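No experiment lies behind these values; they were computed from the predicted model shown. Both ligands and their constituent atoms are indexed starting at 1 by order of listing.
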Amino acid sequence: MKPTTIAFLGLGNMGGPMAGNLVRSGYAVTGFDPSDEARAAASEAGIRIASAAEAATQAEVVVTMLPSGSHLLAALTDMLPALRSGTLLIDCSTIDVDSARAAHALAGERGHLSLDAPVSGGVGGARAATLTFMAGGSQEALDRGRSVLEAMGRRIVHCGGAGAGQAAKICNNMLLGISMIGVAEAFVLAEGLGLSHQALFDVASTSSGQCWSLTAYCPVPGPVPTSPANDGYKPGFAAALMLKDLRLAAEAATATGSRTPLGAAAAELYAAFVAAGEGGTDFSGIVRHLRDDGSAG
Ligand code: NAD
């Protein structure tokens, strides 16, 4: 049975369209965001706007889509006293694993079920309700939240207990950052050797160098017509967000004593790219940073 009332906190680029999809699926959604622009867009999509406290008081399920772990913990601390008993809390933000576990603990202390459920699929997936959710938490919490997640996405992977969704997200995105740099470096080297982009693509895409960064999201224009390289490196997935995820991975590596030298190198390269004013560029644009002349071709 569908919960009747959902509170949605964080109606930005991702949260706005996700909340809109919940409305389209028949949920009554009350939302809050401190940004006037986000509230106005959400209101047009059928989301009732209220204060965070008011939205929380009425909710059976609370979904959060916020910038960071500190935003989540602050919002939870404010909201928890207002929640009815047995509310399900679903955090879809990408945050550090420790904050995600702290959020589960806060919820659990008051008898609420909770999930960390970060997403992949970007703004396009949020709009089209085709996101993948990486869920961490109990089976009971996932069973209760499944229909809500299904209204916003296509695939749900139960990764384990508290924080496991965030762990999967940052491991995956560290791998993605590293693989994108690897593919970009291969194209830069090919350019130096006078090998065409298409020739390298034709060989590597069917050989042992094959990976998603090459075959679905090729960082040079031409071989994969739908990749952002063919559209001026418009995101897609912005370099600033990739840097955020690589930093979360680096923090987690330090906290757990895991050796991730390539993850650290990827974070450094993306930090330099973002510092050069490219934070809003698609992350595949790192190929420009790797070329001496900085050209986009
Ligand atoms: P965004 O900045 O567009 O949206 C975040 C929203 O949270 C903002 O509108 C902000 O005003 C609001 N906010 C801040 N504090 C709040 C509070 N206390 N209560 C309610 N709202 C509050 O960011 P986004 O692109 O929507 O990303 C949201 C999360 O999703 C981030 O954690 C990001 O890393 C993750 N993510 C983003 C993408 C993407 O492609 N944009 C993809 C996957 C995951």
Discussion item. Is the contact between M14 and ligand 1 made by the side chain, the backbone, both, or neither, using heavy atoms and a 4.0 Å cut-off?
Written reply: both

Worksheet item: So which protein heavy atom does atom 31 (C) of ligand 1 come closest to, and at what separation?
Response: L66 O, 3.3 Å

Practice prompt. Examine distances only and state if a side-chain atom of R154 and a backbone atom of A129 form a donor-acceptor pair shorter than 3.5 Å.
Written response: no

Discussion item. So for ligand 1, is D245 a polar contact partner (N or O within less than 3.5 Å, distance only)?
Written reply: no

Practice prompt. Could you pull out, from T94, L248, D36, the option with a heavy atom nearest to atom 35 (C) of ligand 1?
Written response: T94

Worksheet item: Which one holds for P118 and ligand 1: side chain close, backbone close, both close, or neither close, with close meaning a heavy atom under 4.0 Å?
Response: neither

Item to complete: Provide, to 0.1 Å, the distance between atom 40 (O) of ligand 1 and the closest protein heavy atom, together with that atom's residue and name.
Response: G122 CA, 3.6 Å

Worksheet entry | Protein heavy atom at shortest distance from atom 33 (C) of ligand 1 | K244 NZ, 3.7 Å

Fill in: N21 backbone acceptor or donor facing S25 side chain under 3.5 Å
yes

Item to complete: State whether R48 and E54 are salt-bridged, where the test is any N-O pair (Lys NZ or Arg NE/NH1/NH2 against Asp/Glu carboxylate O) under 4.0 Å.
Response: yes

Worksheet, complete the sentence: If you compare E37, M242, M65 by their heavy atoms, the one closest to atom 5 (C) of ligand 1 turns out to be M65

Worksheet item: Can you check whether a protein heavy atom sits less than 4.0 angstrom from atom 2 (O) of ligand 1?
Response: no

Worksheet item: Distance-only, no hydrogens or angles: does the N172 side chain make a donor-acceptor pair with backbone N or O of K169 under 3.5 Å?
Response: no

Item to complete: Return the residue, atom name and 0.1 Å-rounded distance of the protein heavy atom closest to atom 18 (N) of ligand 1.
Response: A75 CB, 4.2 Å

